[in-house]
Amino acid sequence: MNFFVAFGKGFVQMFRSIGMWLLFYALNFLLALFAIIPLDNLIASKLGRSLALGDLLEGYDYTTYSDFRNLPGVRDALPAILNQSLLTLLLFFLLAIFLTGGILKVLRDHKERFRFQHFWTGCSTYFWRLFRLTLYFLLVHAMILSLAIGLFLFLTEGGNILSLDSELEYLNALKIAGPAYLFLASIFFMIHDYAKVHMVHLDDNWMLRPFWQSFGIALSNFFRTYPLYLLNALVFVGLFSAYWYLQQYIQPSDARGVALAFALGQGFILARIGSKIWNLASITFMYQGIQQRRQRKKEIVQPNEPTDMSPLIISDVGSEETAPFLKKEEE
Amino acid sequence: MDFRLLFWTIIVNTYHKLLTTMRYTQAPFLALLFLWVAASSTAQEGDSRKALSSRIASYDIGVTLDTDQQLLLGKELLHWRNPSTDTIRTLQFHLYLNAFKNNRSTFMRESDPIPNNRNENIWGWIDIDRMTDAAGNDLTSNMRFIQPDDDNQDDQTVLEVDLVKAVLPGQKIDLRIDFTAKLPRVIARTGYSKDYYLVGQWFPKIGVYEPAGMRYAKKGQWNCHQFHANSEFYADFGVYNVDITVPANYVVGASGSLQKTEEKGGFKTHSYRAEDVIDFAWTASPRHVVREDRWKDVAIKLLVQPEHLMLAERYLLSAKQSLEYFDEHLGEYPYKTLTIVDPPVHAVASSGMEYPTFITGLGLSHMPTGVRLVELVTIHEFGHQYFMQLLASNEFEEPWLDEGFNTYFECLIMDQYYGEKTSYIDFGSFFHFGDMENQRLSYTGMANPKIAENFRSAWQFRHGGYGQLTYAKAGTWMRTLQGLVGMETMEEIMKTYFERWKFKHPCADDFIDIVNEVTQKNHAGKFGPDMNWFFNQVLYGSNVCDYEIRSISNRALREDQGIFEDKSTWYQEASEQADVENYFSRVILHRTGEVTLPTEVLIHFENGEEKLEQWNGRSRTKEFNYTGPSKIEWAKIDPENKIYIDQNLNNNSRTTKPQTTAVKKYSSRFMLWMQQIMQSVTFFI
């Protein structure tokens with residue numbers, strides 16, 4: 001499948017799954033609200049009647065912020081609020097893994113009408129597998145990051161600034177290690193996406209198989225998969241730029257401005273979540289396209305083979321597997 | 001009129017007249033004769049100029065830099081005059097490079113953490129090989145190390161010498177001192193790093209003999225402190241003639257002005273002369289790139305690293321801004337040169353240092369223009385040309401008089417040229433803050449701002465607080481003093497202080513006397529008979545200042561209700577709908593800090609009316625009551641922000657209407673950040 005076609009199909013699919021999109025957003029919103037309520041109360045109780053806070057409507061003020069931060073009660077409260085925020089973040093991370101299973105299942109069976117029952121089944125079915133997959137890829141990313149840091153240290157004689165002639169050597173090392181890391185990390189982020197999709201399509205409890213096989217799927221079709229990944233990344237960059245551009249025109253110096261800024265921010269978050277679904281949907285289409293192409297190739301090579309035996313063979317990664325979604329389509 | 005120009009004009013005109021009357025063959029001889037006269041006159045130029053200072057301690061030094069071993073081989077001729085009516089039999093010298101000799105020196109013990117490095121090449125030291133007086137008496141065997149500040153017998157930073165012949169009152173003595181010094185790996189703003197040398201506190205420097213009555217001296221005494229972690233300056237003024245010999249490819253910069261250079265056998269000797277200064281420092285490196293500029297008749301020379309060339313304009317501009325501001329608001333910069341050194345990153349420990357007419361900056365390649373460290377450090381270090389150098393206070397005993405005053409001026413300059421709220425960091429509306437507000441917050445943000453009083457010797461801040469109190473607190477209370485007496489009076493105070501004490505050694509009492517004198521003249525008893533109450537609190541005390549608007553209440557005044565003595569109005573029907581005509585309004589103020597400063601309170605009523613009340617700030621609580629047709633809407637202590645030393649400016653104001661919109665603005669912003677972070681972690685799923 002052409003990556004543009006997958007990209008376009010993903011866009012359409014994003015709107016067909018609007019229920020889970022809004023659900024994802026609602027959870028994001030509610031958890032952030034939960035994390036921020038103590039801070040809201042703290043600001044209101046310590047600063048709520050100070051003219052200094054009113055002046056902040058016109059713009060940021062370091063003195064007001066620092067005097068607030070230095071207050072004895074605030075000094076103690078801020079670390080507690082930060083801890084609560086971190087816990088909320090962890091909770092959201094787990095919830096996001098949970099929801100991703102449902103999203104992937106809905107996308108896999110995209111020809112069916114969206115039903116929340118179907119979605120929740122996916123969430124519960126794939127949670128632990130996606131959780132383990134996430135851990136594997138976190139390990140992979142840690143290794144890539146270590147490699148990049150190692151490269152940087154190698155180029156800067158151990159990172160000791162006193163041993164360098166100038167800080168330009170730092171910058172030059174960053175110019176090499178930074179892009180190398182970004183390129184490598186983006187490839188592994190992409191493989192991670194295909195691993196998720198592949199795992200849901202295989203519907204296999206054994207996690208290492210989709211983990212390794214996804215490398216073959218993504219890399220053997222690199223010139224399809226990577227441009228699609230870059231296109232999806234471009235969507236995020238575009239969204240972020242649009243938000244950055246628009247928010248400059250909103251002055252949150254009165255209630256209307258504050259409400260507008262809030263609405264724009266929420267619109268951006270909603271769009272970000274949508275772009276994530278778009279990304280997964282387009283990758284699912286690309287994945288299914290690749291598998292169908294392989295299936296057709298296989299049918300041409302082995303025309304006399306009974307079709308019900310192997311509707312999909314992932315021959316290049318050394319393992320034969322039946323793809324249940326194809327079975328379903330054939331049925 | 002430039003006298004040098006006049007002199008040369010006379011010389012050249014005379015030469016031409018003589019030429020016309022003499023035979024052609026005699027012309028070369030005459031030319032040589034006139035050149036010799038002219039050259040001699042140039043060499044003596046400094047001496048012929050009127051001395052600006054007392055010139056008690058002058059030096060002729062020849063020093064050779066051994067770049068293989070980082071050694072300085074020096075020969076010094078010291079000319080010292082006894083400024084007292086005492087007969088002096090011993091002299092005291094600073095040998096500051098010995099602070100870096102080992103980890104037992106007072107400097108190293110005070111430094112945190114003590115370097116734990118067994119590489120012997122990092123250490124530095126200085127040895128006096130020979131000391132003789134003008135009569136040829138060898139004083140070398142009369143030398144011994146003393147420790148006037150502590151009992152650390154291992155500290156060798158102060159040397160005492162018994163003279164063979166005593167120095168009588170007003171008499172001069174010449175000493176010849178041969179010394180060898182090993183430079184440390186750059187530490188405390190001196191030393192070497194690769195092929196970069198920043199040579200400060202490098203030669204045997206005589207201490208200050210304080211006659212009875214000078215500063216706090218009850219009787220004549222040497223004031224010659226050991227080298228401490230936080231202080232190093234107190235010296236007499238003099239003239240320095242220094243010949244610096246370095247490899248020929250090294251670019252040199254130094255205090256004073258370059259007189260001549262001479263190259264011989266792969267080495268180059270740079271001859272410098274600095275007049276009416278208290279110290280001399282220099283730098284050498286083959287990597288220095290020279291950029292030059294002028295401000296009026298001051299030649300500014302920037303020695304910049306090639307990778308920092310993009311910062312050159314920022315260095316030069318901030319130097320010119322400093323010159324301009326100090327010239328206008330304090331006094332004339334009396335020197336003709338200013339040298340700025342931009343250290344390489346591997347010698348960052350030599351950044352941000354001041355020596356007479358010679359400072360080091362701080363820059364990093366590609367430093368954003370919104371991070372104004374280049375400007376701030378240059379302006380701060382230049383300020384030391386006034387506070388420490390021209391107003392040569394004792395940095396050991398009264399560091400606030402040097403660093404605090406300089407911080408105050410640094411903030412004034414930064415805020416004037418780069419904006420009050422953007423002078424330090426300026427990333428647009430996203431994040432910004434000013435230098436003055438940052439200094440205040442360094443002090444008010446201390447975990448314990450009462451840790452010590454400001455008036456304390458630099459080495460006595462044993463448990464912390466030196467930087468915040470000496471720089472930030474002093475700068476903040478100077479800004480508060482400005483708020484109290486007004487900018488005009490403050491400028492007069494500073495100008496008087498400068499004019500009266502330039503090229504001398506002022507102390508706290510001298511400054512306070514001037515504050516009292518000028519304030520009394522301009523404000524005639526407004527602040528009492530003197531301003532000592534101010535200094536007793538902010539300088540000699542450690543308490544903090546905090547005023548607060550505790551509450552605002554507005555009560556509707558109704559006709560009398562209830563039972564009264566005459567029983568005639570035992571009951572009156574209360575009516576909620578009755579028209580309220582007057583309110584009884586009250587503002588209650590608290591003084592939660594110990595420091596008491598007079599202040600103002602602005603009361604704003606709902607009908608737009610405003611009242612400005614005076615409060616001497618002494619009582620623990622204070623109330624202002626009003627009866628009138630309008631409610632109080634808000635009140636603000638110190639509306640013009642004069643009491644800048646207040647610990648919490650947020651509680652200086654209070655409104656009856658909660659600032660709901662502002663609370664929601666920031667809560668929603670933090671919420672959005674939280675949502676963004678939450679969404680960002682899904683990258684890893």
Open item on the list: With a 4.5 angstrom heavy-atom cut-off, is it the side chain or the backbone of Leu138(A) that approaches chain B, or both, or neither?
Closed with: side chain

Open item on the list: Taking 4.5 Å as the heavy-atom cut-off, does anything in residues 242-253 of chain A contact chain B, and if so which residues?
Closed with: Tyr243(A), Pro252(A)

TODO: Quick one: which of Lys636(B), His432(B), Arg185(B), Lys421(B) has the most heavy-atom pairs under 4.5 Å with chain A, could you say?
DONE: His432(B)

Open item on the list: With chain A as the partner, which of Gln305(B), His308(B), His366(B) has the greatest number of non-hydrogen pairs under 4.5 Å?
Closed with: His308(B)

Open item on the list: Counting C-beta onward and ignoring hydrogens, is there a side-chain heavy-atom pair between Trp634(B) and Arg49(A) closer than 4.5 Å?
Closed with: no

- [ ] Could you pull out the closest heavy-atom pair between Ile43(A) and Ser667(B), with the gap in Å?
- [x] CD1-OG, 4.4 Å

Task: Validation row: Gln266(A), Leu672(B) side chains within 4.5 angstrom (heavy atoms) - done: yes

Open item on the list: Please classify the contact of Phe188(A) with chain B as side chain, backbone, both or neither, using a heavy-atom distance under 4.5 Å.
Closed with: neither

Task: Residue pair Asp40(A) / Val663(B), side-chain heavy-atom distance below 4.5 Å - done: yes

Open item on the list: Shorter than 4.5 Å, heavy atoms on both sides: which option in Thr682(B), Ile685(B), Val345(B), Thr661(B) has the most such pairs with chain A?
Closed with: Ile685(B)

- [ ] Name, in order of residue number, those residues of residues 60-69 of chain A that have a heavy atom at a distance of less than 4.5 Å from a heavy atom in chain B; otherwise write 'none'.
- [x] Tyr60(A), Asp61(A), Tyr62(A), Thr63(A), Thr64(A), Ser66(A), Asp67(A), Phe68(A)

Open item on the list: Let's test your reading of the structure: which of Phe24(A), Phe236(A), Tyr170(A), Phe137(A) forms the most heavy-atom pairs below 4.5 Å with chain B?
Closed with: Phe24(A)

- [ ] For each of Leu31(A), Leu171(A), Ile97(A), Leu57(A), tally heavy-atom pairs with chain B at distances under 4.5 Å, and name the one with the top tally.
- [x] Leu57(A)

- [ ] Find out whether Tyr25(A) and Gln679(B) are in side-chain contact, i.e. whether some heavy atom of one side chain is under 4.5 Å from a heavy atom of the other.
- [x] no

Task: Residue, of Ile161(A), Ile37(A), Asp193(A), Asn279(A), that accumulates the most heavy atom pairs under 4.5 Å with chain B - done: Ile161(A)

- [ ] Go through the atoms of Lys46(A) and report whether side chain, backbone, both or neither lie under 4.5 Å from a heavy atom of chain B.
- [x] neither

Task: chain A contact via Lys665(B) - which portion, at a heavy-atom distance below 4.5 Å - done: both

- [ ] Would you name the heavy atoms of Asn28(A) and Met678(B) that are closest together and state the gap between them?
- [x] O-CE, 3.4 Å

Open item on the list: Quick check for you: among Phe262(A), Phe131(A), Phe93(A), which has the greatest number of heavy-atom pairs under 4.5 Å with chain B?
Closed with: Phe93(A)

Task: Close side-chain approach of Gln676(B) to Phe268(A), heavy-atom, < 4.5 Å - done: yes

- [ ] Using non-hydrogen atoms and a 4.5 Å limit, figure out which bit of Ser680(B) sits close to chain A: side chain, backbone, both or neither.
- [x] both

Open item on the list: Using heavy-atom distances under 4.5 Å, tell me whether Lys664(B) contacts chain A through its side chain, its backbone, both, or neither.
Closed with: both

Open item on the list: Counting only non-hydrogen atoms closer than 4.5 Å, does Ser429(B) touch chain A with its backbone (N, CA, C, O), its side chain (CB onward), both, or neither?
Closed with: backbone

- [ ] Identify which part of Phe683(B) has an atom lying under 4.5 Å from any heavy atom of chain A, answering side chain, backbone, both or neither.
- [x] both

Open item on the list: Under a 4.5 Å cutoff for heavy-atom pairs, which residue among Asp55(A), Leu130(A), Leu33(A) has the most contacts with chain B?
Closed with: Leu33(A)

Task: Greatest number of heavy atom pairs closer than 4.5 Å to chain B - which of Leu164(A), Leu133(A), Thr88(A), Thr100(A) - done: Leu164(A)

